[in-house]
J.: 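Structure incoming, see below.
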2 protein chains.
Amino acid sequence: MKLLPERTIERLSKYRRVLQRELDNGTDHIYSHELAKLLHITPVQVRRDIMLIGHTGTLRKGYGIENLIKLIGEIIDCSSSEQNVAIIGIGKLGQALLEYLNSSNTRLNLSAVFDNNPDKIGDSFGGTLCHNIDNLKKIIIRENITIGILTVPPEYAKEISARMVDAGILGIMNYTPVSLKLDHAFLEEYDVITSLEKVAYFAKPRHAEFL
Amino acid sequence: MKLLPERTIERLSKYRRVLQRELDNGTDHIYSHELAKLLHITPVQVRRDIMLIGHTGTLRKGYGIENLIKLIGEIIDCSSSEQNVAIIGIGKLGQALLEYLNSSNTRLNLSAVFDNNPDKIGDSFGGTLCHNIDNLKKIIIRENITIGILTVPPEYAKEISARMVDAGILGIMNYTPVSLKLDHAFLEEYDVITSLEKVAYFAKPRHAEFL
DNA sequence: AATGTTATGTGATTTTTATAACAGTTGTTA
DNA sequence: TAACAACTGTTATAAAAATCACATAACATT
């Protein structure tokens, strides 16, 4: 299938979680405007996204929740082979993200955690063993890890990310404030300070368009 | 001045930090292609952003770093009144973000932290006092806090965000997985699971356009 | 059966964002 | 001083994303 737009993928991830909650509540169908309301977006947006993934609803009945969840799963999780994740650098942020992962029902599988702190190596973090970062490549290969969450101190970001890619990782979620450039792997970056400063810019009385 | 594009603001935040580092290294001018390289974007993008904020470089000499930093500060931080920030919910993620804030040289001022856990109330987190969330409105008004970082458990997100806005907060950075809708305040949301699932989707051999 | 209402599905349009193309200016070199 | 090279500033174009507008189908009501 053709690659879907980034924003659509982001929304699909959210649709899935909201839909799962509805399913657990015993609902089996949902209208585009209901789903839209739950995420504060427009019904057209919902219908277009669903159209793009080739799902089709029933007129006057809405979308079948169970089928839709399954389809989104096939798109994001890649039905065939499950995707394994590692967190590299298990400081405060790494541990916070681990909590989010463990408390969500994503199909992504946290398989390993890495750090260079001898006090942490060998410990279990939320049920996942912390490995010595020296063994990065070995463990990534052994556990068939394809996705890495990078939460190391900034001075290590460049070197470690290169080693991750070298070990065969296909995608990195980079939370360090260092901008990276990867060859042969997908990269997504999130900068905490940048988003806060963005809020600071727009959250001003002089920018009154949200009033 | 007219409102700047969101993406431009995001990049300005990054320009500033990179530029500050260069300034500390003793550099006083920088070319668009140098700045671009540091952030892995194109020189045109840099020049366009700088044009949009009304700064002007010197031909064959590049941009004056000191002036540029100052101008970005006036845009983001709002030179006149400094902006005060609070973190609401000081769990693992809240503490991780606090570390980021304290270790960055952003001009945003962390003034308060809130929680409902009696063990935390009264404690200092990285130099900032943790208040009882019952006093949210009182403290927000007293400390003139305009920006809130929301890191409470999902079940509290809606209610607390409403109370934040009621207390006069102008912008919320929402890290809970609950989608919010605010009236009269700017809202930015970041969903940890969504970005990871996005990486999962694009980081697949079948999507080989990054190879 | 005719009419109205409620939803879906999608082509057309607009908005936002990024890229390309290039004019103009300053300095350098032959 | 003529020709060239290196950069900035900006207009024009393209690409990505969101929204609008509306055709169409299913059902309800009269």
Side-chain angles (χ1 to χ4, degrees), chain A residues 2-15 19 27-65 67-68 71 179 181 186-189 194 198 201-202 207 209-210, chain B residues 2-15 19 27-65 67-68 71 179 181 186-189 194 198 201-202 207 209-210:
Chain A
K2 189 163 175 335
L3 217 55
L4 295 163
E6 296 208 9
R7 298 301 156 86
T8 294
I9 294 296
E10 291 176 14
R11 283 186 297 268
L12 288 176
S13 162
K14 295 177 185 180
Y15 295 160
L19 290 170
T27 320
D28 60 347
H29 280 75
I30 194 167
Y31 296 128
S32 63
H33 68 262
E34 294 174 317
L35 188 45
K37 192 159 193 188
L38 291 167
L39 293 167
H40 302 107
I41 58 178
T42 68
V44 191
Q45 185 87 84
V46 171
R47 291 204 298 277
R48 184 162 282 286
D49 287 335
I50 291 177
M51 183 195 94
L52 283 175
I53 64 175
H55 182 87
T56 173
T58 313
L59 214 76
R60 305 216 46 149
K61 242 188 130 184
Y63 301 96
I65 294 183
N67 287 340
L68 192 45
L71 179 55
S179 156
K181 174 74 168 38
F186 180 80
L187 174 67
E188 175 81 3
E189 310 202 304
T194 286
K198 179 177 170 185
Y201 174 77
F202 287 103
H207 301 152
E209 72 292 339
F210 57 70
Chain B
K2 189 164 177 333
L3 217 55
L4 295 163
E6 296 207 10
R7 297 302 155 87
T8 294
I9 295 296
E10 291 177 14
R11 283 187 296 267
L12 287 176
S13 161
K14 294 177 186 181
Y15 294 161
L19 289 170
T27 319
D28 61 346
H29 281 73
I30 194 167
Y31 295 127
S32 62
H33 67 262
E34 294 173 317
L35 188 46
K37 192 160 194 187
L38 291 167
L39 293 166
H40 302 107
I41 59 178
T42 69
V44 191
Q45 185 87 84
V46 171
R47 292 205 298 275
R48 183 155 247 296
D49 287 335
I50 291 177
M51 181 196 95
L52 283 175
I53 64 175
H55 182 86
T56 173
T58 313
L59 216 80
R60 308 218 77 197
K61 240 187 129 185
Y63 301 96
I65 294 183
N67 287 342
L68 191 45
L71 179 55
S179 156
K181 174 73 170 33
F186 180 81
L187 173 66
E188 175 81 3
E189 310 202 305
T194 286
K198 179 176 169 186
Y201 173 75
F202 287 104
H207 302 152
E209 72 292 339
F210 56 71

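Chain identifiers are assigned alphabetically (A, B, ...) following the order of the sequence lines, protein sequences preceding nucleic acid strands; residue numbering begins at 1 within each chain.
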J.: Taking ring-ring contact (aromatic ring centres under 6.0 Å, His included) as the test, write out the residues that go with B:H40, two or more places apart.
T.: none

J.: Parallel, tilted or perpendicular: which one describes the rings of B:F202 and A:F186, with boundaries at 30° and 60°?
T.: parallel

J.: Can you measure A:D49 atom CG to D:dT19 atom C1' for me and round it to whole angstrom units?
T.: 13 Å

J.: For A:I53 and C:dG9, give me the distance from atom CD1 to atom P, rounded to whole Å.
T.: 11 Å

J.: When you measure from the side-chain N and O atoms of A:Q45 to the phosphate of D:dA17, is any distance below 4.0 Å, counting only OP1 and OP2?
T.: no

J.: Give the rounded distance in Å between these two atoms: CD of B:E10 and P of C:dT16.
T.: 15 Å

J.: May I have the distance from B:L52 (atom CG) to C:dT16 (atom P), rounded to whole angstrom?
T.: 14 Å

J.: Scan nucleotides 5-14 of chain D nucleotide by nucleotide, 5' to 3', and note B when protein non-hydrogen atoms come under 4.0 Å of the base, S if they reach only the sugar-phosphate, - if neither.
T.: -BBBBBBB--

J.: Run the side chain to side chain contact (heavy atoms under 4.5 Å, CB included) check on B:Y15 and B:L68 step by step: do they pass?
T.: CA-CA 9 Å; B:Y15 294 161; B:L68 191 45; over 6 Å; no

J.: Measure from CZ on B:R7 to P on C:dT15 and round the result to the nearest Å.
T.: 18 Å

J.: To the nearest Å, give me how far apart CD (B:E6) and C1' (C:dT17) are.
T.: 11 Å

J.: Could you walk me through whether A:I50 and A:Y63 satisfy the side chain to side chain contact (heavy atoms under 4.5 Å, CB included) test, starting with their C-alpha distance in whole Å, then the side-chain angles of each, then the deciding distance to 0.1 Å, before giving a yes or no?
T.: CA-CA 9 Å; A:I50 291 177; A:Y63 301 96; 3.5 Å; yes

J.: Hey, mind stepping through A:L38 and A:E34 against side chain to side chain contact (heavy atoms under 4.5 Å, CB included) and telling me if it holds?
T.: CA-CA 6 Å; A:L38 291 167; A:E34 294 174 317; 5.6 Å; no

J.: Could you tell me the separation between the CG atom of B:L12 and the P atom of C:dT17, rounded to a whole number of Å?
T.: 13 Å

J.: Looking only at heavy atoms, which two atoms of B:R11 and B:I41 are closest? And how far apart?
T.: CD-CD1, 3.9 Å

